[in-house]
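Computed from heavy atoms alone, side chains included, the values below leave out hydrogens, waters and symmetry copies.
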Amino acid sequence: MADYHLEASWSPVEGGPGRLTLTLFNLSSEPLSGFSLAYRSATQIADTYVCDGASLTRQVASFHQFLPPEGLSIPASGRWRFTVEGLADEPKHRTDGITSACLTLGDGRRVTVGFGDLMLEGRDGGMAPRLLPPGRVEQPYALLPWPLSLGLKAGDLPAVLHPAEKTRPDAIKALSLVLALYQRLYPAEPAPFSLAAVKGGRAIRFVTESSIAAFAYELRFSAREIVLSSADAAGRQHGLISLAQLLHGARADRDVFKFPNFGAIADQARHGWRGCHLDVAGQFYPVADIIRLIDILAWNKFNVFHWHLTDDQAWRLEIKSYPELTEIGAGGETDETVMPDFGDDAEARTSHYRQDDVRRIVAHAASLHVEVVPEIDIPGHSAAALSALADLVDRQEPPDSYRSPQGYANNALNPAVEFTYEFLGKVFDEMATLFPGEYVHIGGDEVAEGAWLSSPLCKTVMEREKLAGTAALQSYFLKRIKAMLAQRGKKLAGWNEVSHGGGVDRDGTLLMAWEKPELGLALAEDGYDVVMTPGQAYYLDMAQAEAWDEPGASWADVTPPERTYAYEAEAELPEALRDKIRGVQACIWSGNVGSRATFNRLVFPRLSAVAEAAWTPLTRKDWDRFAAIVRMWPIL
């Protein structure tokens with residue numbers, strides 16, 4: 001237990017976004033004096049505020065630092081309380097409060113501070129609702145995502161599934177990989193597969209069939225054997241995962257789910273890009289958590305893990321050419337390291353991923369036919385990199401000439417500083433050796449309007465290149481970045497703002513429509529390939545109900561699982577442009593995630609809802625069937 005604990009409550013104030021009351025409890029056996037308190041919170045203090053009982057000495061976006069009144073000493077078992085009136089926004093949910101906190105003591109030591117949810121004063125916030133109905137199934141088979149077609153007849157439950165005689169070594173290896181996947185996801189459950197024949201089991205015969213589409217599979221069931229046909233290894237894996245799901249459901253709930261004895265399944269993916277994004281800058285996730293998430297993605301037949309490795313809060317990827325990026329930038333602002341972690345083990349405290357960690361994660365994902373797409377977010381969202389490398393800054397630019405939507409001052413890499421391109425070239429060189437996939441995601445989002453316009457170096461470039469405004473300057477920058485990636489054999493992926501100011505060459509560029517669904521249509525009409533990931537449906541950090549007790553953010557909307565399940569990306573585009581949709585993607589942003597329990601509440605079951613939208617045709621989707629099955633699926 002921590003020696004110190006911070007509680008925060010919010011109360012409404014007429015004509016404004018309310019008042020915060022913060023109380024620091026000294027749970028230690030010694031008095032506390034000569035300290036400062038720092039915390040991060042989604043509820044930020046506005047430029048104009050009134051603070052009673054403390055002094056705000058520093059604020060950078062969500063980071064706040066306070067000093068107590070001069071001479072204050074909190075006795076053992078005592079408390080210090082102060083209030084702040086004047087908030088940037090009114091909080092909506094209990095997770096809009098403290099996400100991490102620490103004390104800096106008089107001798108310079110930093111001490112972790114415990115914290116609770118944001119409390120609501122003066123009124124009932126309402127209970128968090130039930131997110132799933134009981135569900136019902138018309139066909140008693142536990143498959144998720146649901147297949148393209150199936151006609152099955154249930155029968156006896158086999159003891160286990162095993163390879164037929166004379167099965168090729170590569171098929172045995174594939175079976176062993178899915179067996180290991182199942183055992184990691186369900187370690188307390190009996191194994192669905194055996195690599196050796198077992199009496200009472202049923203044999204799987206593997207067939208390579210070139211007429212089957214890539215990544216697709218067919219299963220034919222009889223009382224004697226199961227025939228799994230596919231054209232490639234990914235399709236074979238998908239078929240084996242479906243068999244494991246069928247057996248898992250039939251064992252877990254024998255009254256509802258059965259295992260087929262006769263019939264067939266023919267299955268293939270609806271979309272080629274079936275992605276899940278994870279932000280590890282706002283919240284560090286240990287390597288074991290990343291690997292488990294990739295396991296969950298494979299179980300749900302996702303094939304892309306979009307790894308958001310850098311942002312304003314932190315730079316999480318080891319770059320050997322610039323060790324400062326993780327020595328300084330992994331802690332966020334230069335002299336403060338108030339970062340939330342799921343655990344307090346040694347791995348979590350390193351707060352970045354070593355290149356050996358990356359190789360391990362990429363190899364694990366590849367073994368499960370999941371491609372890792374790395375993201376370094378540029379030119380905006382670069383406060384961590386700028387804090388680590390002073391040569392990236394135009395020193396003649398005023399230090400607070402623009403602010404990002406999150407409140408960071410001058411947080412965008414400067415397109416007119418030539419060291420920017422030298423720096424990124426070395427970063428891309430190292431990334432190219434770590435990530436074998438075809439795409440590098442470069443962000444391109446949320447550059448503040450007016451960014452760079454006070455930079456003398458940028459003014460010179462704008463005059464020379466005949467550019468007008470921030471968007472045109474970003475387009476100039478990103479065109480150079482696209483060429484640098486192409487030199488390294490990589491294609492550019494980015495958020496929808498990459499299209500601003502003229503954008504970049506459409507050929508080989510993939511953009512993700514996040515701000516609103518209609519942007520997918522605009523990007524497709526403009527010639528871009530598109531992945532649909534609208535915040536209103538597929539951002540899994542959004543709260544699932546309006547109730548105060550429901551965790552999450554709500555700037556895009558509150559998004560119950562049924563809305564995520566029902567959203568149809570193809571409905572945004574006319575038939576003639578639907579070939580521009582490469583697929584769909586869930587996004588997990590970590591600003592409101594302070595614990596594993598909150599992560600699981602926010603992400604599941606909505607992650608599986610996106611999986612079904614990515615795989616299953618609209619006419620085959622069924623919310624009640626989904627609700628009956630998904631409660632048996634794994635969480636982090």
Would you check if there is a donor-acceptor pair between the side chains of [Y] and [X] at a distance under 3.5 Å?
X	Y	answer
Asp295	His364	yes
His381	Glu446	yes
Glu318	His352	no
Glu515	Asn496	yes
Thr509	Lys482	yes
Arg563	Tyr567	no
Ser382	Asn411	no
Trp514	Glu497	yes

May I ask you to test the [X]-[Y] pair for a side-chain heavy-atom distance under 4.5 Å?
X	Y	answer
Leu181	Leu177	no
Val358	Leu317	yes
Leu392	Asn414	no
Leu577	Glu525	yes
Ile376	Met431	yes
Leu434	Arg359	yes
Ile378	Phe423	no
Thr559	Gln544	no

Shortest non-hydrogen contact from [X] toward [Y]:
X	Y	answer
Leu573	Gly520	CD1-C, 4.0 Å
Ile588	Cys276	CD1-SG, 3.8 Å
Ala383	Tyr408	CB-CD2, 3.9 Å
Asp289	Leu636	O-CD1, 3.6 Å
Thr598	Asn592	CG2-O, 3.7 Å
Tyr285	Ser590	OH-OG, 2.7 Å

Backbone N or O of [Y] within a donor-acceptor pair of the [X] side chain at under 3.5 Å?
X	Y	result
Asp394	Leu457	yes
Thr564	Ala537	yes
Arg316	Leu309	no
Arg292	Ile635	yes
Arg506	Asp526	yes
Gln245	Leu144	yes
Lys580	Gly527	yes
Gln585	Trp273	no
Thr470	Gly450	yes
Ser608	Ala611	no

> Can you say whether the rings of Trp555 and Tyr539 are parallel (under 30°), tilted (30 to 60°) or perpendicular (over 60°)?
Replying inline: perpendicular
> Are Trp307 and His277 near enough that their ring centres are under 6.0 Å apart?
Replying inline: no
> Less than 6.0 Å separating the ring centroids of His238 and Trp615?
Replying inline: yes
>> side chain to side chain contact (heavy atoms under 4.5 Å, CB included) for Val178 and Leu368? Distances and angles first, verdict last.
In response: CA-CA 8 Å; Val178 177; Leu368 295 171; 6.0 Å; no
> Passes salt bridge (Lys or Arg N to Asp or Glu O under 4.0 Å), Arg270 versus Glu568? Steps please.
Replying inline: CA-CA 12 Å; Arg270 180 182 184 184; Glu568 277 296 307; 2.3 Å; yes
> In this structure, which one of Pro147, Ser242, Ser149 forms a side-chain contact (heavy atoms from CB on, under 4.5 Å) with Ile265?
Replying inline: Pro147
>> A quick test of your reading: do over 12 heavy atoms of other residues, nucleotides or ligands sit less than 6.0 Å from CG of Asp507?
In response: no
>> Heavy-atom count check: over 12 atoms from other residues, nucleotides or ligands less than 6.0 Å from Tyr322 OH?
In response: yes
>> Nearest 0.5 Å, please: how far is CD1 in Ile629 from CH2 in Trp146?
In response: 5.5 Å
Do NZ/NE/NH1/NH2 and the carboxylate oxygens of [X] and [Y] come within less than 4.0 Å?
X	Y	answer
Glu430	Lys426	no
Arg488	Asp429	yes
Asp357	Arg354	yes

>> Would Glu562 and Lys621 count as a salt bridge (Lys or Arg N to Asp or Glu O under 4.0 Å) here? Give the steps.
In response: CA-CA 12 Å; Glu562 188 171 6; Lys621 290 168 67 176; over 6 Å; no
> Quick one: which of Trp495, Phe435, Trp589 gives a ring-ring contact (aromatic ring centres under 6.0 Å, His included) with His306?
Replying inline: Trp495
